[in-house]
Chemist: 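Handing you a structure now.
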2 protein chains.
Amino acid sequence: MMYIASMYSRELLKGILKPIILKLLSDNGRMHGYEMVRTIKDWSGEKILVKEGSLYPTLHALTRDGLLTYEEEFIGKRVRKYYSISKAGKTRLEERKIEILDFVDTLSNMFNSKHLTT
Amino acid sequence: MMYIASMYSRELLKGILKPIILKLLSDNGRMHGYEMVRTIKDWSGEKILVKEGSLYPTLHALTRDGLLTYEEEFIGKRVRKYYSISKAGKTRLEERKIEILDFVDTLSNMFNSKHLTT
DNA sequence: GGCATTACATCATATTATGATGTATATTGC
DNA sequence: GCAATATACATCATAATATGATGTAATGCC
């Protein structure tokens, strides 16, 4: 059992999990689900804590959409699913990366300056 | 009738509308709904295009939660609701601002560097 | 043996932005 | 004067998606 709470509010994290998974697999090659949870945690400085109830359905959705592939491996009797990013997944990642960095920049400007209408 | 499409994908915008409204009213004092839509558009460089179907229910929710107050005014026969941020709203904005700027920074780091696990 | 960790999974629920739709007044161009 | 557009409010069904709760089972450690 895993019980953790994200530092960022639930709403702020919406729409960001898929790109994070794509980026993770793009950088690291093969990874399995449980490994991703821990890596995202480390990677974000303990600030993004993905829950299993979020991760597994998202991995299935990305696979269904052809952005990921996976292979099963047996460690003793236990099965592990190693996921990899597909060609289509890499293309999608590039698109989303541009959007995210631009969005982040927009938000940064919005909340850092004082915008007065005249 | 207003028909516009946001530059950013739907998911990415989730959870950001409330803080934007709070920031807007914090900077500008009194504003009415329709004015907010146009200001957010200008303010974000045409990148965040809030829909009426999103804005009005959100204004009601923020008011219900005590973060906004409003006064009705008549421009001829037409009613306008001028919203202002409350003390509680300002407190909430400060909290959310810190969270958003930190989140933005985390995302920027995540998507700009290559993170390899060893 | 007992406990924590690893590793997968599903499902009901909550949140929230959107598109569609509706109503009505005011303004601007011709 | 009239038509088109802009102003200004609103509601509702729908879609997307992260979470908490819950479940199963193997492995590693003391």
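Because only heavy atoms are used, hydrogens play no part in the values below, and waters and symmetry mates are left out as well, while side chains stay in. A, B, ... follow the sequence lines: proteins, then strands. Residue 1 opens every chain.
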Chemist: Please determine if a side-chain N or O atom of B/H32 lies less than 4.0 Å away from the OP1 or OP2 oxygen of D/dT7.
Modeler: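 Indeed not, no polar side-chain atom of B/H32 lies that close.
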Chemist: Please evaluate the base of C/dT15 for a donor-acceptor partner in the side chain of A/K14 within a cut-off of under 3.5 Å?
Modeler: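 By the distance-only test, yes, there is a pair.
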Chemist: When the distance from CG of A/L49 to P of D/dT19 is rounded to whole Å, what number comes out?
Modeler: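 Distance check: A/L49 CG to D/dT19 P gives 9 Å.
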Chemist: Can you check whether B/R80 has a side-chain N or O nearer than 4.0 Å to OP1 or OP2 of C/dT25?
Modeler: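 Checking C/dT25 against B/R80, no side-chain N or O comes under 4.0 Å of OP1 or OP2.
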Chemist: Taking the six-membered ring of B/F111 (Phe, Tyr or Trp), confirm whether the NZ or CZ of A/K97 is under 6.0 Å from its centre and within 45° of its axis.
Modeler: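 Checked: cation-pi criterion not met.
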Chemist: Please give, in whole Å, the distance from D/dT7 P to B/Y82 OH?
Modeler: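 One finds 13 Å between P of D/dT7 and OH of B/Y82, rounded.
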Chemist: Just checking B/G76: base, sugar-phosphate only, or nothing, at a heavy-atom cut-off of under 4.0 Å?
Modeler: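 Contact class for B/G76: sugar-phosphate only.
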Chemist: Rounded to whole Å, how long is the line connecting atom OH of B/Y56 with atom P of C/dT21?
Modeler: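 In whole Å, C/dT21 P and B/Y56 OH are 19 Å from each other.
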Chemist: Is there a side-chain polar atom (N or O) of B/T58 under 4.0 Å from OP1 or OP2 of C/dT16?
Modeler: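 Answer is no, no contact under 4.0 Å.
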Chemist: Start with the C-alpha distance between B/I20 and A/M110, add both sets of side-chain angles, then the distance that settles side-chain contact (heavy atoms from CB on, under 4.5 Å), and finish with yes or no.
Modeler: CA-CA 8 Å; B/I20 285 174; A/M110 286 179 85; 3.9 Å; yes
Chemist: Please figure out whether A/P57 or A/E11 has its closest DNA chain C nucleotide nearer the 5' end.
Modeler: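 Closer to the 5' end of DNA chain C: A/P57.
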Chemist: Measuring to OP1 and OP2 of C/dC8, would you say a side-chain N or O of A/H60 lies under 4.0 angstrom away?
Modeler: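 Checking C/dC8 against A/H60, no side-chain N or O comes under 4.0 Å of OP1 or OP2.
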Chemist: Does C/dT23 have OP1 or OP2 sitting under 4.0 Å from an N or O in the side chain of B/R78?
Modeler: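 No, no such contact exists.
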Chemist: When all nucleic acid strands are considered with a 4.0 Å heavy-atom cut-off, which category describes B/G53: base, sugar-phosphate, or nothing?
Modeler: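 Here B/G53 touches the bases of the nucleic acid.
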Chemist: When the distance from CE of A/M31 to C1' of C/dA7 is rounded to whole Å, what number comes out?
Modeler: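 Those two atoms, CE and C1', are 14 Å apart.
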Chemist: Between B/D42 and B/R38, is there a side-chain N and carboxylate O pair less than 4.0 Å apart?
Modeler: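 The answer is no: the pair does not qualify as a salt bridge.
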Chemist: Taking the side chain as every heavy atom from C-beta outward, state whether A/I16 and A/I100 have any pair of such atoms under 4.5 Å apart.
Modeler: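 A side-chain contact under 4.5 Å exists here.
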Chemist: Rounded to the nearest Å, what distance is computed from the CD atom of residue B/E52 to the C1' atom of nucleotide C/dT18?
Modeler: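 It works out to 12 Å between those atoms.
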Chemist: Whole angstrom is fine here: how far is it from OH in B/Y70 over to P in D/dA10?
Modeler: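 Nearest whole value for this atom pair: 8 Å.
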Chemist: Starting at CZ of A/R10 and ending at P of C/dA17, how long is that distance when rounded to a whole Å?
Modeler: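 Answer to the nearest Å: 14 Å.
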Chemist: Check the distance between C/dT16's P and A/I16's CD1 and give it to me in whole angstrom.
Modeler: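 Result: 17 Å.
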Chemist: Hey, does the side chain of A/K51 come within less than 4.0 Å of D/dA21's phosphate (OP1/OP2), counting only N and O?
Modeler: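 The answer is no; no side-chain N or O of A/K51 sits under 4.0 Å from OP1 or OP2.
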Chemist: Counting heavy atoms from C-beta on, name the nucleotide in C/dT25, C/dA17, C/dA7 closest to the side chain of B/K77.
Modeler: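 So the nucleotide nearest the side chain must be C/dT25.
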Chemist: I want to verify a distance call: between D/dA8, C/dA7, C/dT18, whose nearest atom is closest to the B/L13 side chain?
Modeler: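 When the side chain of B/L13 is considered, C/dT18 is the closest of D/dA8, C/dA7, C/dT18.
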Chemist: Between B/E99 and A/K47 (salt bridge meaning N to carboxylate O under 4.0 Å), is one present in this structure?
Modeler: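 Salt bridge absent between B/E99 and A/K47.
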Chemist: List in chain and number order the residues that pass salt bridge (Lys or Arg N to Asp or Glu O under 4.0 Å) with A/R30, two or more places apart in sequence or in another chain; answer none if no residue qualifies.
Modeler: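 Salt bridge (Lys or Arg N to Asp or Glu O under 4.0 Å) check on A/R30 returns A/E71, A/E73.
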Chemist: What's the closest nucleotide to the side chain of A/K81 if the choices are C/dC8, C/dT10, D/dC9?
Modeler: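 Between C/dC8, C/dT10, D/dC9, the one nearest the side chain of A/K81 would be C/dC8.
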